[in-house]
Amino acid sequence: MSDIRAGRLSDAQLAENFAALQPPMDAAQAAVEAARCLFCFDAPCTEACPTGIDIPGFIRKIATGNLRGAAVTILRENIMGGTCANVCPVEELCEQVCVRNAAEDKPVEIGRLQHFATDHLFRSGAQPFTRAGDSGRHVAVAGAGPAGLACAHALALLGHRVTVFEARAKAGGLNEYGIAAYKMLDERAAREVEFILGVGGIEIETGVSLGRDVSLDALREVYDAVFLGLGHNAVNALGLEGEDLAGVHNAVDFIERIRQEDPATLPIGRRVVVIGGGNTAIDVAVQTKKLGAEYVTLVYRRGAEDMGATEHEQEVAQTSGVLIKHWAQPVRILAAGEEAGGVEFEYTRYDEGGRLAGTGETFELPADQVFKAVGQHFAPSPFQESEAPEMDGSRIRVDEERRTSLEGVWAGGDCVPGNDLTVVAVQDGKLAARSIDRYLRR
Ligand SMILES: Cc1cc2nc3c(=O)[nH]c(=O)nc-3n(C[C@H](O)[C@H](O)[C@H](O)COP(=O)(O)OP(=O)(O)OC[C@H]3O[C@@H](n4cnc5c(N)ncnc54)[C@H](O)[C@@H]3O)c2cc1C
Ligand code: SF4
């Protein structure tokens, strides 16, 4: 009999578990940290930032007390600089290459300084950007995630009108529905959407799905240009016996429930098994532990160095009490009546040809809940009734300006090849907007 129930922890304990991993800096801490920056010429941190934020520039402004200026320096390059301050894997990007990242020193805390500056601006309620005069052009954006919103904001600033079609009830994409609750606190995602819309010229139609309610052909007909920021719209299946048993969940769906519902009402197993090795696997493992699961085991088929999750994320999981088990692949989900009761795994290794292979030796892990986190992909279903852009595997093929193979259609974010990160999606949206602007003014 499986042991799944809501309310394993008190409200106070849940609030403590879902607080930010690191508290925000106060003004004195920010000043001390900003003073550690060497304001490098050709700063490697800026080079490493996918959106090219002038990092020494904004840190210098913090050091001189110009917090609004610091925030504008960030947001000019990355309109989601507030989110990215909290969700970027800085330990693999800007902070990794910081010249202070040496044995006897530590990198400047760029992410926390970025949070300090952007939070100051958001709390002030100021809107620092002004639109150019109306260009008379109107662009359609499909998908209100980081890619679509960044594209819409950059186009609006350039004077174009933008209508965003979003399938879901709320804008924000995975910032609203996917990022771990302890990274995106409060109503931060909604506040950022409001800030972006505050520039004017952008209208969002929620509950409108490309392919279902409106076709790409129709958008191309009516609008001067189209941007596709559709993200991943399908989750990978395990294809194993027992996958449909009660208690087996898609990690992405469950993470969405953690973001959208009261955590105290979410049913949580005493023993949880997570299958996968990326950030989604880590996020669901960490959060089920924070919700009160007693034993959480994350099982990945290869070694630690092959995991999609960053080293920092793996550390967060381990310090949260998640057991990570490498070199094992699932064979089947074990049933306990109609429900999942565990998972049978087979140990793995690389064979002589360097391919991953099962060793034939198996073991079982008991589980009340099993979470599948073996990746998501883009399925081209939104184009069924329309001329479709060329694909590159399971993503939309784009060039360096994020143009698709279709005249007047651009794409960016998770639905095109590249790293699946918020900051990369924002950069895609920005680059596409600049290219669309050139196209509209040609
Ligand atoms: C669980 C999880 C945790 C993550 N954690 C991090 C993290 O910590 N740090 C980080 O940098 N990145 C993280 N990511 C990745 C990051 O969230 C994505 O790379 C980023 O959101 C991609 O932005 P996007 O705009 O391309 O797609 P999305 O954010 O997915 O937005 C796409 C939007 O398009 C809408 N849409 C889809 N189909 C249609 C349609 N047919 N018609 C209209 N609208 C449609 C969707 O509803 C959605 O709003 C995480 C991802 C997941 C799944
Ligand atoms: S690399 Fe480090 S020290 Fe140099 S500018 Fe960037 S944050 Fe400052």
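Both ligands and their constituent atoms are indexed starting at 1 by order of listing.
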Quiz item: Any N or O on N175 sitting closer than 3.5 Å to an N or O of ligand 1?
Solution: no

Quiz item: Can you list the atoms of ligand 1 that are under 4.0 Å from a heavy atom of G413?
Solution: 26 (O)

Exercise. Could you tell me the residue and atom name of the protein heavy atom closest to atom 39 (C) of ligand 1, and the distance to it rounded to 0.1 Å?
Key: L230 CD2, 3.5 Å

Quiz prompt | Donor-acceptor pair between Q13 and N17 side chains, under 3.5 angstrom | solution = yes

Quiz prompt | Side-chain ion pair, D368 and R5, N-O less than 4.0 Å | solution = no

Exercise. List the closest protein heavy-atom neighbour of atom 27 (O) of ligand 1: residue, atom name, distance to the nearest 0.1 Å.
Key: G231 CA, 3.4 Å

Practice problem: Looking only at distances, please establish whether an N/O atom of ligand 1 is found under 3.5 Å from an N/O atom of A142. | Solution: no

Practice problem: Provide, to 0.1 Å, the distance between atom 43 (C) of ligand 1 and the closest protein heavy atom, together with that atom's residue and name. | Solution: A167 N, 3.3 Å

Quiz prompt | Minimum heavy-atom distance between A234 and A379, given as atom pair plus value | solution = CB-CB, 4.3 Å

Practice problem: Could you tell me whether E109 and K106 have a side-chain N and a carboxylate O separated by less than 4.0 Å? | Solution: yes

Quiz item: What atoms of ligand 2 come within less than 4.0 Å of a heavy atom belonging to P56?
Solution: 5 (S)

Quiz item: Any idea which part of E176 is under 4.0 Å from ligand 1, heavy-atom wise: side chain, backbone, both or neither?
Solution: neither

Quiz item: With atoms numbered from 1 as shown, which atoms in ligand 1 lie under 4.0 angstrom from a non-hydrogen atom of F165?
Solution: 43 (C), 44 (N)

Quiz item: Which heavy atom of the protein is the closest neighbour of atom 48 (C) of ligand 1, given with residue, atom name and distance?
Solution: E166 OE1, 3.5 Å

Self-check item: Nearest-neighbour protein heavy atom for atom 7 (S) of ligand 2, which is reported as residue plus atom name and distance
Solution: I110 CD1, 3.7 Å

Quiz item: Applying a strict 4.0 Å limit to heavy atoms, is N233 in contact with ligand 1?
Solution: no

Quiz item: N/O of G148 under 3.5 Å from N/O of ligand 1, yes or no?
Solution: no

Quiz item: What atoms of ligand 1 come within less than 4.0 Å of a heavy atom belonging to R168?
Solution: 47 (O)

Quiz item: Just by distance, with hydrogens left out, do K430 and Q427 show a side-chain donor and acceptor under 3.5 Å apart?
Solution: yes

Practice problem: Under 4.0 Å from a heavy atom of T422: give me the atoms of ligand 1 that qualify, with their elements. | Solution: 10 (C), 11 (O), 12 (N), 16 (C), 17 (O), 19 (O)

Quiz item: What part of V208, side chain from CB on, backbone N/CA/C/O, both or neither, has a heavy atom under 4.0 Å from ligand 1?
Solution: backbone

Practice problem: Ignoring hydrogens, just give me the one of D54, D42, L38 whose non-hydrogen atom is nearest atom 3 (S) of ligand 2. | Solution: L38

Practice problem: Name the closest protein heavy atom to atom 13 (C) of ligand 1, giving the residue it belongs to and the distance to 0.1 Å. | Solution: I179 CD1, 3.6 Å

Quiz item: Can a donor-acceptor pair be found between the side chains of K61 and T73 at a distance below 3.5 Å?
Solution: yes

Quiz prompt | Lys/Arg N to Asp/Glu carboxylate O, D253 vs R257, below 4.0 Å | solution = no

Practice problem: Indicate, with yes or no, if the rings of H249 and F371 have centres closer together than 6.0 Å. | Solution: yes

Quiz item: Can a salt bridge be assigned to the pair R161 and D224 using a cut-off of 4.0 Å between side-chain N and carboxylate O?
Solution: no

Quiz prompt | Numbering as shown, the atoms of ligand 1 that approach G229 to under 4.0 Å (heavy-atom distance) | solution = 32 (C), 33 (C), 34 (O)

Self-check item: atom 2 (Fe) of ligand 2 contact by C37, N, O or S atom under 2.8 Å
Solution: no

Self-check item: Mode of K183 contact toward ligand 1 - side chain, backbone, both, neither (heavy atoms, under 4.0 Å)
Solution: side chain

Quiz prompt | Minimum-distance protein heavy atom relative to atom 19 (O) of ligand 1 | solution = D414 OD1, 2.8 Å

Quiz item: Do any nitrogen or oxygen atoms of P146 lie less than 3.5 angstrom from nitrogen or oxygen atoms of ligand 1?
Solution: yes

Quiz item: How about N233 and H377: does a side-chain donor come under 3.5 Å of a side-chain acceptor?
Solution: no

Quiz item: Is the closest heavy atom of G211 to ligand 1 under 4.0 Å?
Solution: no

Exercise. Kindly confirm or rule out a cation-pi arrangement of K325 over Y300, judged by NZ or CZ under 6.0 Å from the six-membered ring centre and within 45° of its axis?
Key: no

Quiz item: Using a heavy-atom cut-off of under 4.0 Å, does the side chain or the backbone of D283 touch ligand 1, or both, or neither?
Solution: side chain

Quiz item: Which residue supplies the protein heavy atom nearest to atom 51 (C) of ligand 1, what is that atom called, and how far is it?
Solution: L174 CD1, 3.9 Å

Exercise. List every atom of ligand 1 that sits less than 4.0 Å from any heavy atom of I255, numbering the atoms from 1 in the order shown and giving each element.
Key: 1 (C)

Exercise. Report the distance from atom CZ of R302 to atom NE2 of H326, rounding to the nearest 0.5 Å.
Key: 12.5 Å

Practice problem: For V99, take its heavy atoms, then give the atoms of ligand 2 lying under 4.0 Å from any of them. | Solution: 1 (S), 2 (Fe), 3 (S), 4 (Fe)

Quiz item: So L356 and Q329, side chain to side chain contact (heavy atoms under 4.5 Å, CB included) or not? Walk me through it.
Solution: CA-CA 10 Å; L356 189 74; Q329 62 192 9; 4.2 Å; yes

Self-check item: Contact atoms of ligand 1, heavy-atom distance to S209 under 4.0 Å
Solution: 40 (C), 41 (N), 42 (N), 43 (C)

Quiz prompt | Protein contact to atom 5 (S) of ligand 2 [nearest heavy atom, distance to 0.1 Å] | solution = C40 N, 3.4 Å

Quiz item: Is R36 salt-bridged to D105, cutoff N-O under 4.0 Å?
Solution: yes

Quiz item: Less than 4.0 Å between a side-chain N and a carboxylate O, is that true for R188 and E176?
Solution: no

Self-check item: Protein residue, atom and distance nearest to atom 2 (Fe) of ligand 2, heavy-atom basis
Solution: C98 SG, 2.4 Å

Quiz item: Please state which protein non-hydrogen atom is closest to atom 42 (N) of ligand 1 and give its distance, to 0.1 Å?
Solution: L210 N, 2.7 Å

Quiz item: If you measure from each non-hydrogen atom of T46 to ligand 2, which part falls under 4.0 Å: side chain, backbone, both or neither?
Solution: neither

Quiz item: For ligand 1, which atoms have a heavy atom of G173 less than 4.0 angstrom away?
Solution: 29 (O), 31 (O), 48 (C), 49 (O)

Exercise. Flag the pair R168 and E166 as a salt bridge only when some basic side-chain nitrogen lies within less than 4.0 angstrom of an acidic carboxylate oxygen.
Key: no

Quiz item: Is it true that E407 and R220 make a salt bridge, defined as a side-chain N closer than 4.0 Å to a carboxylate O?
Solution: no

Quiz item: Does NZ or CZ of R271 fall inside the cone over Y295's six-membered ring, less than 6.0 Å from its centre and within 45° of the axis?
Solution: no

Quiz item: Does C45 bring an N, O or S atom to under 2.8 Å of atom 6 (Fe) of ligand 2?
Solution: yes

Quiz item: Strictly under 6.0 Å, is that where the ring centroids of W410 and Y439 end up?
Solution: yes

Exercise. May I ask you to decide if the ring planes of F165 and Y223 are parallel, tilted or perpendicular, using 30° and 60° as cut-offs?
Key: perpendicular

Practice problem: Please confirm whether D420 comes under 4.0 Å of ligand 1, counting heavy atoms of the residue only. | Solution: yes

